[in-house]
Amino acid sequence: MPISTGTVELERDPDDPDGVTVLVNGVPSSYLDLVDPTHLVFEYMQQMAEVIDRIAPAGGPLDVVHLGAAGCALARAIHAERPGSRQLAIELDTALPELVRGWFDLPRAPALRIRAGDARTELEKLPDASADVVVRDVFAGDTTPRHVRTREMVAQVARVLRPGGVYLVNTADRPPLSGARAEIATIDRCFADVVVVAEPGLLRGRGYGNLVVAATDDLDLLSSPALARAIRSLPAPARLLRDDELVGYVAGAQELRDGPPAS
């Protein structure tokens, strides 16, 4: 089906009659379980959910901003697990939000508002200290536009987050992961504590894949041994990098700034 940024289609899961994948321009962008909204299939969403689960109070409502909406799978899960949450999903495509509302049983405003617009432009309009979580899941094809990866963008996220709030980033790269390292280094210079979660083979330079970056000024939230155990225990076990390991991983990477890339 045509949308303003290309095409969108729904693909039924051949192994699960309740599962649907939303493909935007041929790329899987969301997987929704039509019966169980807490069932997250994409590995990076499972990893993000483990971080969100550790935000206090457990099970309490959160104010969440999603930069990149697609099918709103993570927003559905948060709504189910943390009743009373208020969420805003920002989606570049002007047609997609109404389509997904028609296809899926999504929470209604004020539980979930979906706004069409550029992620950074809309983020800059939000009030200071108004969100507990900001999730960035913005892609054009298999890459993330530069203007939502820079130091200036991260500063806007930090402004919108409340003290102790969490920034969750889905980024993707291929060997030698120079783009991911630069982005991690950029985020690391803006927050007191940062961890990276990824499949071990990807960190060793094998293939294309997703990395989750979690950043906060709460020095206790990401250092929990329970979080590291939960990440290792996911269906697709992942590795968590922090502290000296993370410093070594991004050593030599230059932060990303607005303006043309350095030559």
Side-chain angles (χ1 to χ4, degrees), residues 18-22 28-91 96-97 99-101 103-117 119 122-123 126-127 129-139 148 157-158 160-171 195 197 210 212-216 218 221-222 224 226-227 230-231 233-235 238:
D18 299 322
V20 177
T21 300
V22 180
S29 298
S30 295
Y31 181 102
L32 291 90
D33 185 315
L34 302 180
V35 174
D36 180 6
T38 68
H39 179 208
L40 298 172
V41 168
F42 287 179
E43 293 166 12
Y44 78 87
M45 286 193 183
Q46 296 172 1
Q47 294 159 7
M48 288 182 172
E50 291 295 345
V51 176
I52 293 170
D53 282 350
R54 280 153 184 82
I55 300 174
L62 297 173
D63 290 333
V64 185
V65 177
H66 301 264
L67 305 177
C72 296
L74 185 59
R76 282 177 81 232
I78 292 171
H79 176 75
E81 295 184 337
R82 290 179 175 261
S85 294
R86 295 175 299 180
Q87 302 186 76
L88 169 65
I90 297 169
E91 170 58 50
L96 190 56
L99 288 174
V100 297
R101 280 224 182 266
W103 292 332
F104 307 120
D105 183 22
L106 298 181
R108 292 287 173 179
L112 175 61
R113 294 173 292 137
I114 309 177
R115 181 183 301 171
E122 296 302 321
L123 180 74
L126 299 182
S130 57
D132 300 301
V133 183
V134 174
V135 179
R136 199 210 69 202
D137 193 8
V138 177
F139 283 86
V148 295
V157 172
V160 170
L161 284 173
R162 295 184 176 120
V166 180
Y167 185 31
L168 289 169
V169 168
N170 176 30
T171 191
V195 300
V197 181
N210 297 82
V212 167
V213 187
T216 182
D218 180 344
L221 194 151
L222 301 176
S224 162
L227 174 61
I231 293 295
S233 301
L234 288 171

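Small disclaimer: the values here were computed from a predicted structure and weren't measured. In this chain, residues are counted from 1 in sequence order.
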Check your understanding: Do other residues, nucleotides or ligands put more than 12 heavy atoms under 6.0 Å from the CG atom of D105?
Key -> no

Side-chain contact, heavy-atom cut-off 4.5 Å: [X] with [Y]?
| X | Y | answer |
| --- | --- | --- |
| L74 | V64 | no |
| Q46 | P235 | yes |
| D18 | D36 | no |
| N210 | Q47 | no |
| E81 | D53 | yes |

Nearest 0.5 angstrom please: [X] [atom1] to [Y] [atom2], how far?
| X | Y | atom1 | atom2 | value |
| --- | --- | --- | --- | --- |
| L88 | I114 | CG | CD1 | 9.5 Å |
| F139 | N170 | CZ | CG | 4.0 Å |
| T216 | R54 | OG1 | CZ | 14.5 Å |
| E91 | S29 | CD | OG | 8.5 Å |
| T171 | D137 | OG1 | CG | 10.0 Å |
| D132 | I78 | CG | CD1 | 10.5 Å |

Return the minimal non-hydrogen interatomic distance between [X] and [Y], and the atom names on each side.
| X | Y | answer |
| --- | --- | --- |
| A69 | S30 | O-OG, 4.1 Å |
| A80 | T38 | CB-CG2, 3.8 Å |
| L106 | G71 | CD2-O, 3.8 Å |
| L40 | A77 | CD2-CB, 4.0 Å |
| L161 | V166 | CD2-O, 3.6 Å |
| V134 | L67 | CG1-CD1, 4.0 Å |

Just jot down the side chain to side chain donor-acceptor pair (under 3.5 Å) partners of [X], sequence neighbours excluded, or say none.
| X | answer |
| --- | --- |
| S130 | none |
| Q87 | H66 |
| H39 | D33 |

Revision key, fill the gap. Contacts satisfying salt bridge (Lys or Arg N to Asp or Glu O under 4.0 Å) that involve residues 56-75 (not counting sequence neighbours) are D63-R86, D63-R162

Practice item. Kindly state each residue pair satisfying salt bridge (Lys or Arg N to Asp or Glu O under 4.0 Å) with at least one member in residues 37-49, sequence neighbours excluded. Key: none

Check your understanding: Judged by atom type as modelled, is there a donor-acceptor pair below 3.5 Å linking the side chain of R136 to the main-chain atoms of V148?
Key -> yes

Point to revise | Side-chain (R101) to main-chain (P107) donor-acceptor, under 3.5 angstrom | key: yes

Practice item. Name all residues meeting the salt bridge (charged side-chain N to carboxylate O under 4.0 Å, His left out) criterion together with R76; count only those two or more places apart in sequence or in a different chain, and write none if there are none. Key: none

Practice item. Go through the steps for V22 and L32 under the test side chain to side chain contact (heavy atoms under 4.5 Å, CB included), then give the verdict. Key: CA-CA 8 Å; V22 180; L32 291 90; 4.0 Å; yes

